[in-house]
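To keep things clear, I will list the structure first and then write my remarks on it.
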Amino acid sequence: MTGSGEETLLCAHGFCSHQGIFRHQVQGFKDTHRVVTYDLAGFGHSDPALWQADRHHQLDGYAADMVRLIDDLDLRHITLLGASMSAMIGLLASLQRPERFGALVFIGASPRYLNAPMYLGGFEQPDVEAFYGLIDRQESWQDAMTGMLLNQPVSLALQEIAERVQGVRSEVAGVVARAIFESDYRGLLDSARHPVLVTQTRADSAVPVEVGQYLSQRLPDAELAFLPGVGHVPNFTEPEAFNRVLERFLSRSTVRDLALA
């Protein structure tokens, strides 16, 4: 936890990532918000004993972790920064503790990664089966994952992301990858009870632009912002642009809350 203030930014990273991807948001908002970052079970520097296959084989297990974190730290007036898988995790948590949340920010989010009739998710089943196979055989799946996250050559500045992917246990990656790619939260979107800012780049190997458009149309109160650059983690790779968009959204959300009070 960094900073202080009545408003909380709760930052939750995505698959094979870690809390460090939010360092630019910590620096940018610590003077006005309490900023909370954490490593999801199985990733980053989280205690290996916290990850359990029978708990985390669905995103609901991660949502339960987030709810417990919120309760234990007594977090209130939360704006979630949910990257990738943590967008839907955060949506689940916000429905369980609606009184603790004020708004949601999705970063490279998707309610369903697999293509379906009248829906472009970006992946076909054979694509993800091939990825599962790489993980199960421990054959260079980390390189494939790094390429999907960054969609650009790994520069020195981005080496940290690549290294953290390399450090994820194959067992964890296999279980959680299936939890992500086999999930479908499209039917949950219209239940969202808070304003949502949907952000992504136009060159995200994991999430086509059509997914961002779908989210902005199906969520009851949402706006869509395409960010410059490429890749799946624009809050880290394009921090100045992301922080500007976030600051505008936070200002609007505060004004809206005051109007409703």
*asked:* Can you tell whether the side chains of Asp221 and Arg193 come within less than 4.0 Å, N to carboxylate O?
replied: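 Not counted as a salt bridge, because no side-chain N and carboxylate O are separated by less than 4.0 Å.
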
Which distance, rounded to the nearest 0.5 Å, do you find between the [atom1] of [X] and the [atom2] of [Y]?
| X | Y | atom1 | atom2 | result |
| --- | --- | --- | --- | --- |
| Ser17 | Phe22 | OG | CZ | 7.5 Å |
| Leu80 | Thr8 | CG | OG1 | 11.5 Å |
| Cys11 | Arg23 | SG | CZ | 12.5 Å |
| Glu6 | Arg76 | CD | CZ | 11.5 Å |
| Gln96 | Ile70 | CD | CD1 | 9.0 Å |
| Glu240 | Leu227 | CD | CG | 12.5 Å |

Between [X] (side chain) and [Y] (backbone), is there a donor-acceptor pair under 3.5 Å?
| X | Y | result |
| --- | --- | --- |
| Ser216 | Ala222 | no |
| Asp72 | Leu69 | no |
| Thr199 | Phe106 | yes |
| Gln200 | Gly212 | yes |
| His33 | Val35 | no |

Do [X] and [Y] make a side-chain contact, defined as non-hydrogen atoms from C-beta onward lying under 4.5 Å apart?
| X | Y | result |
| --- | --- | --- |
| Leu120 | Val211 | no |
| Phe249 | Val105 | yes |
| Leu95 | Leu188 | yes |
| Pro48 | Arg169 | yes |
| Leu91 | Leu104 | yes |
| Pro208 | Tyr214 | no |
| Glu182 | Gln125 | yes |

Heavy-atom pair with the smallest gap, counting every atom of [X] and [Y]:
| X | Y | answer |
| --- | --- | --- |
| Met88 | Pro111 | SD-CA, 4.0 Å |
| Ile21 | Ala83 | CD1-CB, 4.4 Å |
| Val207 | Ala109 | CG1-O, 3.4 Å |
| Val209 | Thr201 | CG1-O, 4.4 Å |
| Gln19 | His13 | N-CD2, 3.6 Å |
| Val168 | Gly42 | CG1-O, 4.3 Å |

*Residue list, side-chain hydrogen bond (donor to acceptor under 3.5 Å, both in side chains) with Arg244, at least two apart or on another chain*: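 Per chain and number, Arg244 pairs via side-chain hydrogen bond (donor to acceptor under 3.5 Å, both in side chains) with no residue.
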
*Stepwise side chain to side chain contact (heavy atoms under 4.5 Å, CB included) test for Asn243 and Phe29*: CA-CA 9 Å; Asn243 284 2; Phe29 293 93; 3.7 Å; yes

*In this structure, which one of Thr37, Asn235, Thr2 forms a side chain to side chain donor-acceptor pair (under 3.5 Å) with Gln25?*
Asn235

*What's the verdict on side chain to side chain contact (heavy atoms under 4.5 Å, CB included) for His57 and Arg178, showing C-alpha distance, side-chain angles and the deciding distance?*
CA-CA 7 Å; His57 72 287; Arg178 289 171 171 85; over 6 Å; no

*Do the ring planes of Tyr62 and His56 sit parallel (below 30°), tilted (30 to 60°) or perpendicular (above 60°)?*
tilted

*Over 60° means perpendicular and under 30° means parallel, so classify the ring planes of Phe101 and His194, tilted if in between.*
tilted

Treating Ile, Leu, Val, Met, Phe, Trp and Tyr as nodes and any side-chain heavy-atom pair under 4.5 angstrom as an edge, say whether [X] and [Y] lie in one connected cluster.
| X | Y | value |
| --- | --- | --- |
| Tyr38 | Leu50 | no |
| Ile89 | Leu73 | yes |
| Tyr119 | Phe123 | yes |
| Val67 | Trp51 | no |

*Just jot down the salt bridge (Lys or Arg N to Asp or Glu O under 4.0 Å) partners of Asp71, sequence neighbours excluded, or say none.*
Arg97

*Determine, stepwise, if the pair Leu246 / Leu81 fulfils side chain to side chain contact (heavy atoms under 4.5 Å, CB included).*
CA-CA 9 Å; Leu246 175 58; Leu81 303 189; 3.9 Å; yes

*Test Gln217 against Gln213 for side-chain hydrogen bond (donor to acceptor under 3.5 Å, both in side chains), laying out the working first.*
CA-CA 6 Å; Gln217 293 164 4; Gln213 294 164 346; 5.7 Å; no

*Restricting to pairs with a member in residues 65-96, which pass ring-ring contact (aromatic ring centres under 6.0 Å, His included), not counting sequence neighbours?*
none

_Evaluation steps, side chain to side chain contact (heavy atoms under 4.5 Å, CB included), between Leu215 and Leu224_ = CA-CA 8 Å; Leu215 285 168; Leu224 173 62; over 6 Å; no

_Around atom CZ of Arg218, are there more than 12 heavy atoms from other residues, nucleotides or ligands closer than 6.0 Å?_
no

